[in-house]
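So the structure is just underneath, and the comments pick up after that.
Small disclaimer: the values here were computed from a predicted structure and weren't measured. Counting convention: from 1, in listed order, for ligands and their atoms alike.
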Amino acid sequence: MGRVLSVASECVPLLKTGGLADVVGALPGALAAQGWEMRVLMPGYRAVMARAEGWPELWSTPDLFGGPGRVLAGEVAGISMLLLEAPHLYDREGGPYSGPGGDWPDNDMRFAALSWAGAAIAQEGLTDGWRPDLLHAHDWQAGYAPAYLAYAGSSLPTVLTIHNIAFQGFSPVSQLYALRLPPEQFYPDALEYFGGLSSLKAGLVTASKITTVSPSYAGELARAEYGMGLQGVIAARAADVTGILNGVDTAIWSPDLGDNPYSAARPKGKAKARAALCAELGLDVPGPLAIVVSRLTDQKGIDLIPQVADRFIAAGGGLAVLGNGDPGLEAQLRDLAARHPGRVAVRIGYDEAFSQRLFAGGDAVLVPSRFEPCGLTQMYGLRFGTLPVVAAVGGLADTVITANPVALAAGVATGLTFHPTDAQAFGLALQRLIDLYADQNLWAQMMRNAMRQKLDWEASAARYAALYAGLVA
Ligand code: ADP
Ligand code: GLC
C-alpha cells in the first residue's frame, strides 16, 4: 500500500505515439488492484493542455530549464494525471518529439525538465500533501529522474523501465551544466557515454531496479546484437534487471465479434467482421487476410513485406496495412497496393478506430520485427483471434506459441514464429500460414487457443507490485 510517481512522455488516452502510451495508461489501474496508488507525470504538450482547464496547481518552480513550470492535477479516464505546464518547452505545434522540421533540437532539455520535476516532486511532495514512496521512470525521456534523485543524495527507491533501448537520449558533453548534471559524475561508470551524455544510461546506472517489457528482451539486452551500445551497462547490473511482460488493457482491446464466436468451424463473428473489412477496403481474398498495424520503421521489418508479398498473394493471401513513418517504406507499400488491386490495401496514417476494425476482420497479423521489446499488436491479434505471424525476438517470442507439430498435437498453438528476421524465413512462415488456413478446423482450433490466452495485466501487475514492495520495505 504505497504511492508511486510514474514519469513518462506519453499516456493513453491523452497522447500516444506507440505502445509506451498504452502501458503507461494501463499501469495505474492494474496496480490499484494490487494496492498501489499511482499518479502519472507527463509533459503538458499543447495538444493536451485543453484537458487541464480548471485543474488545481500542485507544484511550481520559477525556473524549469529556462522558464516557469507548474504541475496541474486532474483525473482522465480514471487515471490521476499530473500535467507539467512549461510553455517554453511544450507549448508547440507538432508531435511530442518532433515538429515540422524534424526532432525538436532541445529534446534533451525538454525531457530533462520532465525528469527534474519528477525528482523534485518525489523529494518535496505536492501541495495537496501527496508524496510518493517510489518513482517509476519510463524510457530515456525519464532517465534523468533517478539520476537527479541519486545525485541529490535522496534514498527514495526508483525503477527504470526500458521500453526500447534504441532511443537513448544522447547529448554532447557541452550540455552537462545546462542539464544540471554534476561534473564529477562524468566518467565511464557513471554519466559518460561515448564521449557524451545519455539520459537512458544515466537512469540505468542510478535506478534502484531496472525492468524491461519482456523476459526475452531482458536476456537479449545484455548482448551486443540488441544492447545498442548499452549491453555492458546492462550486463553490469544484471542482478537488478528483470523482464516483466506487458499486458493488454482488456477494457479497450476486447473482441466484439458478434454472438457465439465458436459456433461454427470458422467463428461466425470473425467471418462477419472480415466481410465488412473487405467491403470497406475493396478486397476480395480467397486465402488468409493478413493485417499490419505498425510504425513504419526499420525496427519493425516493414521492408521485408514487399519482398514476401507477391508469393503470398499468388498463393491466395491478401494484405491490409495501416501505418506511418519512414517515407521510403510508405512509398514501397503504396507501390505494392498499386500492383495488387483487390488483394492489397494500404492506408498511410494513424487511426485507432480503423486499427480495431483491422484486428477484428483480419485472419492474421504480421509482425516481422528485427527487435521487439514486447510488442502489443501480436497480443491484440491474439485477443481477436487474428493469428500472429511474428519474428521470434523479444516479447514476440514470449507471447506466441508457434504451430509446430508438438504444439499442434497438444492443441496449444496460437500462431507462427520465424527466425531469423529475413525475407526467406518470413516467406516460409507465410507459406505455412497458407497451409494452416486451408484446414479450417485446425484454424478454428488455433483461433480458440489464441482467444483463450490470458493477456490481461493481472500477473504482470503483481510482479511490479512485488518489485515495488521489495524496494519500499
Ligand atoms: P511500438 O511501441 O514499438 O510502436 P507496440 O506494438 O508496443 O510497438 O505498440 C504500438 C501501438 O501503436 C499499438 O497499440 C498499435 O495498435 C498502435 N499503432 C501503431 N501504428 C498505428 C497506426 N498507424 N494507427 C493506429 N494505431 C497504431
Ligand atoms: C516500445 C517497444 C514495444 C513495446 C512498447 C511498450 O515502444 O518498441 O515493443 O511493446 O514499448 O512497452
Original post:
Is the closest heavy atom of Cys374 to ligand 1 under 4.0 Å?
Top reply: no

Original post:
Where's the contact between Asp351 and ligand 1, heavy-atom distance under 4.0 Å: side chain, backbone, both or neither?
Top reply: backbone

Original post:
Got an N/O contact under 3.5 Å between Lys300 and ligand 2?
Top reply: no

**OP:** Could you tell me whether Asp91 and Arg46 have a side-chain N and a carboxylate O separated by less than 4.0 Å?
**Re:** yes

Original post:
At a 4.0 Å threshold, what atoms of ligand 1 neighbour a non-hydrogen atom of Gly323?
Top reply: 23 (N)

**OP:** Examine Trp253 against ligand 1 and note whether any of their N/O atoms are separated by less than 3.5 Å.
**Re:** no

Original post:
Which pair of heavy atoms, one from Gly362 and one from Ile291, lies closest together, and at what distance?
Top reply: CA-CG2, 3.8 Å

Subject >> Distance filter under 4.0 Å to Asn164 heavy atoms, resulting ligand 2 atoms >> reply: 8 (O)

**OP:** Only heavy atoms count here, so choose which of Gly18, Gly375, Gly19, Ser369 is nearest to atom 4 (C) of ligand 2.
**Re:** Gly375

Original post:
Out of curiosity, is His163 lining ligand 1, as in a heavy atom under 4.0 Å away?
Top reply: no

Subject >> Any Lys300 heavy atom less than 4.0 Å from ligand 1 >> reply: yes

Original post:
Which protein heavy atom lies closest to atom 15 (C) of ligand 1, and at what distance to 0.1 Å?
Top reply: Thr377 CG2, 3.7 Å

Original post:
With a cut-off of 4.0 Å, which atoms of ligand 2 are near a heavy atom of Val213?
Top reply: 12 (O)

Subject >> N or O pair under 3.5 Å between Gly349 and ligand 1 >> reply: yes

**OP:** Among all protein heavy atoms, pick out the one at the shortest distance from atom 9 (O) of ligand 2; state its residue, atom name and that distance to 0.1 Å.
**Re:** Glu372 OE2, 2.5 Å

**OP:** May I ask you to list the atoms of ligand 1 that are less than 4.0 angstrom from any heavy atom of Asp22?
**Re:** 11 (C), 14 (O)

Subject >> Per-atom contacts, ligand 1 versus Val293 - under 4.0 Å to a heavy atom >> reply: 16 (O), 18 (N), 21 (C), 26 (N), 27 (C)

Original post:
Got the closest protein heavy atom to atom 2 (C) of ligand 2, with its distance?
Top reply: His163 O, 3.1 Å

**OP:** Check whether any N or O atom of Val23, backbone or side chain, sits under 3.5 Å from an N or O atom of ligand 2, and answer yes or no.
**Re:** no

Subject >> Closest approach of Ala145 to Ala119 (non-hydrogen atoms, all atoms of both residues) >> reply: O-CB, 3.9 Å

Subject >> Proximity of Asn246 to ligand 2 by residue part, where a heavy atom lies under 4.0 Å >> reply: side chain

Subject >> Non-hydrogen atoms of Leu283 and Ala320 that approach each other most closely >> reply: CD1-CB, 4.3 Å

**OP:** With atom 22 (C) of ligand 1 as the reference point, say which of Phe359, Phe371, Tyr380, Tyr350 has the nearest heavy atom.
**Re:** Tyr350

Original post:
Just checking, is any N or O donor in the side chain of Asp398 or Ser216 under 3.5 Å from an acceptor N or O on the other one?
Top reply: yes

**OP:** Kindly assign one of parallel, tilted or perpendicular to the pair Phe384 and Trp253, based on the angle between their ring planes and the thresholds 30° and 60°.
**Re:** perpendicular

Original post:
Is the shortest heavy-atom distance from the side chain of Ile165 to the side chain of Gln231 under 4.5 Å?
Top reply: no

Original post:
Going by distance only, is there an N or O of Leu20 that falls short of 3.5 Å from an N or O of ligand 1?
Top reply: no

Subject >> Among Lys16, Glu352, Glu372, Gln356, closest by any non-hydrogen atom to atom 14 (O) of ligand 1 >> reply: Lys16

Original post:
What orientation do His138 and His163 show, parallel under 30°, tilted 30 to 60°, or perpendicular over 60°?
Top reply: tilted

**OP:** Verify the distance criterion only: is there a donor paired with an acceptor across the side chains of Gln168 and Tyr193 at less than 3.5 Å?
**Re:** yes

**OP:** Establish, from distance only, whether the side-chain atoms of Thr211 and Thr242 form a donor-acceptor pair under 3.5 Å.
**Re:** no

Original post:
Any ion pair linking Arg370 and Asp303 (charged N to carboxylate O, less than 4.0 Å)?
Top reply: yes

Subject >> Numbered atoms of ligand 1 (with element) below 4.0 Å of Gly19, judged on heavy atoms >> reply: 1 (P), 2 (O), 7 (O), 9 (O), 10 (C), 11 (C)

Original post:
Does ligand 2 have a heavy atom under 4.0 Å from the side chain of Leu20, from its backbone, from both, or from neither?
Top reply: backbone

Subject >> Distance-only polar pair, side chains of Asn449 and Gln445, donor-acceptor under 3.5 Å >> reply: yes

**OP:** May I ask you to check whether Arg295 has an N/O atom sitting below 3.5 Å from an N/O atom of ligand 1?
**Re:** yes

Which donor-acceptor pairs under 3.5 Å do side chains of residues 422-429 form with protein atoms, sequence neighbours excluded?
unit_1	atom_1	unit_2	atom_2	d
Asp422	OD1	Gln424	N	3.3
Asp422	OD1	Ala425	N	2.8

Original post:
Out of Leu296, Leu376, Leu322, who gets a non-hydrogen atom closest to atom 6 (O) of ligand 1?
Top reply: Leu376

Subject >> Ring centres under 6.0 angstrom apart (Tyr148, Trp116) >> reply: yes

Subject >> Any residue meeting side-chain hydrogen bond (donor to acceptor under 3.5 Å, both in side chains) with Glu10, in chain and number order, not counting sequence neighbours >> reply: Thr17, Tyr97

**OP:** May I ask you to identify, for Ser294, whether its side chain, its backbone, both or neither come under 4.0 Å of ligand 1 on a heavy-atom basis?
**Re:** backbone

**OP:** Assign the ring pair Tyr437 / Trp443 to parallel, tilted or perpendicular, where the plane angle (0 to 90°) is split at 30° and 60°.
**Re:** perpendicular

Original post:
How does Phe354 reach ligand 1, if at all, at less than 4.0 Å between non-hydrogen atoms: by side chain, backbone, both, or neither?
Top reply: neither

Subject >> Close-contact set for ligand 2 against Gln299 heavy atoms, below 4.0 Å >> reply: 8 (O)

